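Here's the structure, in structure tokens; my notes come after.
Every value quoted in this text rests on a predicted model; they were computed, and no experiment measured them.
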Amino acid sequence: MGKVNTQIILDERAKFLQYLSQAGLRVSQGRELVFSEVMRTHGHFTAEELAKVCAEKKLNVSRATVYRVLRDLLEAGIIRETAFGDKHHHFEHVYDEKPHHHAQCVRCHSFIEFPDRKEDEVYHPILEKQGFKILGHEMHFYGICKECQ
């Protein structure tokens, strides 16, 4: 992924600020710092990787703040969460993304992305009818990649 357009960052920040306001949360320095680091991060990342980057840059942000802000960003619809079968959840940006899912090799842990085929049109109405607020969905396939076979 190349350099992120400044307008995208401004749009995502506006979305985040609106979420914080609606949730009754304040715009803290920690939230601002974590948001900025998330916007500088490309591809898939974990909370631990982000906390490590914040520590290396000597940002005044605790590990707990990183985890809390990632949850805020998830609920604001700025990032989405995915689990690749390991104990850490991974995150990725939502902006400029075509809906997709993942397949992961159980040996080398590499993954491929494949397009979403509108599964949400089948399942969302069922869940919404039951009062479930959907933040997103994902589908994972696990197997052995061509190189590891």
Scanning both residues in full, the closest heavy-atom pair of F91 with A47 reads CE1-N, 4.1 Å

Here the pair of heavy atoms bringing C145 nearest to C105 is N-SG, 3.4 Å

Partner residues of [X] under the side-chain contact (heavy atoms from CB on, under 4.5 Å) criterion, sequence neighbours left out:
| X | value |
| --- | --- |
| Q29 | L33 |
| Q18 | Q22 |
| S21 | none |

Which donor-acceptor pairs under 3.5 Å do side chains of residues 50-60 form with protein atoms, sequence neighbours excluded?
from : atom 1 : to  : atom 2 : distance (Å)
K57  : NZ     : E37 : OE1    : 3.1
K57  : NZ     : E37 : OE2    : 3.2

Transitively linked via ILVMFWY side-chain contacts under 4.5 Å: F45 with I8? yes

For F141, all residues meeting ring-ring contact (aromatic ring centres under 6.0 Å, His included), sequence neighbours excluded: F114

Which is it for F16 and V69 under the side-chain contact (heavy atoms from CB on, under 4.5 Å) test, yes or no, and what are the steps along the way? CA-CA 10 Å; F16 187 46; V69 176; 4.2 Å; yes

ILVMFWY cluster membership beyond L10 - transitive side-chain contacts under 4.5 angstrom: none

Show every salt bridge (charged side-chain N to carboxylate O under 4.0 Å, His left out) that has at least one partner inside residues 12-29, sequence neighbours left out. E12-K15, R13-E32

Is there any salt bridge (charged side-chain N to carboxylate O under 4.0 Å, His left out) pair reaching into residues 61-79, and which pairs are they, with sequence neighbours excluded? R31-D72, E48-R63, R71-E81

Taking it one step at a time, do I126 and F132 satisfy side-chain contact (heavy atoms from CB on, under 4.5 Å)? CA-CA 9 Å; I126 295 167; F132 189 76; over 6 Å; no

